[in-house]
Amino acid sequence: QAAKAGGEFVQLLGNRELLNMKGDHRFTLPELIDSFGGLDSWTHQFSTSGVYGSRNAKLKTIIVRNGTAFVHAGLLPEHAEKGIDWVNAEMAAMISTNAWDHPF
């Protein structure tokens with residue numbers, strides 16, 4: 001639909017994707033977890049080695065379209081000052097090394 005209207009759909013990396021990748025499921029509906037066959041299956045599928053987690057790990061945190069930055073839930077000024085490429089690279093590094101204690 002977006003393409004037909006001259007736009008695009010872009011999924012960004014958000015807090016829920018990160019929470020699931022690190023194994024924090026407190027905001028996940030139990031019915032969703034059950035639909036995957038239980039917590040062990042859900043945890044694996046959304047880990048960085050699982051189908052969904054590995055896909056989510058490739059998402060950008062920030063994109064710019066027509067001079068407007070898009071990011072999930074906002075951006076701290078000190079991170080914005082370092083630039084979009086820095087933020088996206090830091091998040092990718094955090095995910096690839098499972099460094100969940102990163103200061104973001």
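Quick caveat, the model's predicted, so the values are computed rather than measured.
- At a threshold of 4.5 Å between non-hydrogen side-chain atoms, the residues Gln45 and Asn20 do not count as touching.
- Residues Leu32 and Leu39 are members of one and the same hydrophobic cluster, defined by side-chain heavy-atom contacts under 4.5 angstrom among Ile, Leu, Val, Met, Phe, Trp and Tyr.
- Residues Ile33 and His25 share a closest heavy-atom pair of CD1-CB, 4.2 Å.
- Note: the hydrophobic cluster containing Leu29 also contains Tyr52 (ILVMFWY, side chain heavy atoms under 4.5 Å, direct or indirect links).
- Val10 approaches Arg65 most closely through the heavy-atom pair CG2-NH2, 4.2 Å.
- Residues Leu12 and Ile84 do not share a hydrophobic cluster, defined by chaining ILVMFWY side chains whose heavy atoms lie under 4.5 Å apart.
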Give the intermediate values and the outcome of side chain to side chain contact (heavy atoms under 4.5 Å, CB included) for residues His44 and Ser47.
-> CA-CA 5 Å; His44 172 70; Ser47 72; 4.1 Å; yes
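- The hydrophobic clustering, which links ILVMFWY residues whose side-chain heavy atoms are closer than 4.5 Å, places Leu18 and Phe27 apart.
- Interatomic distance, NE2 of His72 versus CG of Asn15, reported as 4.0 Å (0.5 Å rounding).
- From Glu17, atom CD reaches atom CZ of Arg55 across 8.5 Å, with rounding to the nearest 0.5 Å.
- The pair Lys82-Glu90 does not meet the salt-bridge criterion, since no charged nitrogen lies less than 4.0 angstrom from a carboxylate oxygen.
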Step-by-step side chain to side chain contact (heavy atoms under 4.5 Å, CB included) determination, His79 to Trp86 = CA-CA 8 Å; His79 297 149; Trp86 179 86; 3.8 Å; yes
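- The structure places CG of Leu19 at 8.0 Å from OG1 of Thr28, a figure rounded to the nearest 0.5 Å.
- Atom CD1 of residue Ile63 and atom OG1 of residue Thr68 lie 10.5 Å apart, to the nearest 0.5 angstrom.
- Between the side chain of Asn88 and the backbone N or O of Ile62, at least one donor-acceptor pair lies under 3.5 Å.
- Applying the 6.0 Å contact sphere to CZ of Phe36 captures more than 12 heavy atoms from other residues, nucleotides or ligands.
- Taking each heavy atom of Ser54 and Thr48 in turn, the nearest pair found is CB-O, 3.3 Å.
- Between the NZ atom of Lys22 and the CD1 atom of Ile95 there is a distance of 12.0 Å, given to the nearest 0.5 Å.
- At least one donor-acceptor pair closer than 3.5 Å links the side chain of Ser96 to the backbone N or O of Ala93.
- Here the shortest heavy-atom pairing between Leu13 and Leu59 reads N-CB, 3.9 Å.
- Note on Met91 and Met21: same hydrophobic cluster, where clusters join Ile, Leu, Val, Met, Phe, Trp and Tyr whose side-chain heavy atoms are under 4.5 Å apart, directly or indirectly.
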